[in-house]
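In each ligand, atom 1 is the first atom listed, and ligand 1 is the first ligand listed. Here, residue 1 is the first one in the sequence, and each next residue gets the next number. Just so it is clear, the structure is predicted and the values come from calculations on it, not from any experiment.
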Amino acid sequence: MKKERILVTRTSMPPYEEYINEIKDIWDSHWLTNMGPKHNQLETELKEYLGVENISLFTNGHNALELTLQAMNLSGEVITTPFTFASTTHAIVRNGLTPVFCDIDPYDYCMDVTKIEDLITDKTTAIVPVHVYGNVCNVEEIERIANKYGLKVVYDAAHTFGVRYKKQGIGSFGDASMFSFHATKVYNTIEGGAVCYHDKELGHELYKLRDFGIKDAETVDGVGSNAKMNEFVAAMGLCNLRHVDEEIAKRKRIVERYRANLTGLDGVQLPPVQKDVQPNYSYFPIVVDEKKFGSTRNEIFETLAQEDIHARKYFYPLTNAFDCYHGRFDVYKTPVALHISKRVLTIPLYADLSLENVDRICQIIKKCHK
Ligand SMILES: *Cc1c(COP(=O)(O)O)cnc(C)c1O
């Protein structure tokens, strides 16, 4: 019997009838985009769900982040992490800002907060940390540093939909936080994203920048982009929001099964269980120490692929090693991130992954242990 192909993730979708029902009003109204009723309803519901003060919706997470940095009118240098998706670094560079890479913590893979202050210069204007894999950054220490030096903090919270820290929505930390609703994330609107923020003035800027910088019918006072969320996308978001708690609960069972199978396996580091954090079980990255384990990350990757199981080398390469930045950054300045990126493997995790398949994946990994 041919075994099913398993990819690293699989998009969650609402029942077909539910979506069809949700989009009926759009046919009646002929209002397809530009802050329509579905868009506005989703804003209200997400604000509630995420436990944040204000929210703006966007076409995708990347545009949300890029336009937030623009709205803050930053200049000079921005301290960030190279252990992330391309978007974080590109958003900084596309704003004409210089990313300054801070190394990461070897256990939660977020920015190592003890290394931030050494990187601050008189050109530094902001910090852009990433809650990578859904792990929460040391938000208290980042806030202390930002206050001390007068820096803005914009979190890339793309992986932390629904995560809470000390019972507070993760999007309420920093000056702003970006969420991604891409099809591959825990919660999706097909493509989509949002920014949560405190300052109402920033909200006005964001409103304009996602709509060409148009202030009113006869005033365009910002060099904006076009990044508005349309009604069909918002309808998908409304449907998926009704199911997201159930999705996260299913993910929890899978993560627990992975832990039961892999805990104590010599040379394999599992994701941390963080204190005071209500997680969303978004990713399951393992870090393989080939000296103790007997096989490399790449060997496990290949062995799984032979069984039609497709893990991903998230995040390899580091963003500061990308071809488009050749010669601009020194990867040896972030040695922990470099070390982890060569050893990390993100194994399949999605709500409908069966526990039998989780066991099978773990057996294959264990077979690589020598
Ligand atoms: C997905 C992702 C983004 C970008 O989100 P899009 O919605 O795909 O534009 C940014 N940062 C990180 C860490 C991500 O994983």
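- With sequence neighbours excluded, the residues satisfying salt bridge (charged side-chain N to carboxylate O under 4.0 Å, His left out) with Glu256 are Lys252.
- Remark: the backbone N or O of His198 is paired with a side-chain donor or acceptor of Asn54 at under 3.5 angstrom.
- Residues satisfying the side-chain hydrogen bond (donor to acceptor under 3.5 Å, both in side chains) criterion with Glu247, sequence neighbours excluded, are Ser12.
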Can you give me a line-by-line list of nitrogen or oxygen pairs between ligand 1 and the protein shorter than 3.5 Å?
unit_1	atom_1	unit_2	atom_2	d
ligand 1	5 (O)	Ser180	OG	3.2
ligand 1	7 (O)	Gly61	N	2.8
ligand 1	7 (O)	Ser180	OG	2.7
ligand 1	9 (O)	Gly61	N	3.3
ligand 1	9 (O)	His62	N	2.8
ligand 1	11 (N)	Asp156	OD1	3.4
ligand 1	11 (N)	Asp156	OD2	2.7
ligand 1	15 (O)	His159	NE2	2.7
ligand 1	15 (O)	Lys185	NZ	3.2

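- For residues 41-68, the set of pairs meeting the ring-ring contact (aromatic ring centres under 6.0 Å, His included) definition, not counting sequence neighbours, comprises Tyr49-Phe161.
- Residues Glu22 and Lys38 are paired through a salt bridge, judged by an N-O separation under 4.0 Å between the basic side chain and the carboxylate.
- Remark: side-chain polar atoms of Tyr155 are not paired, donor with acceptor, to backbone N or O of Cys137 under 3.5 angstrom.
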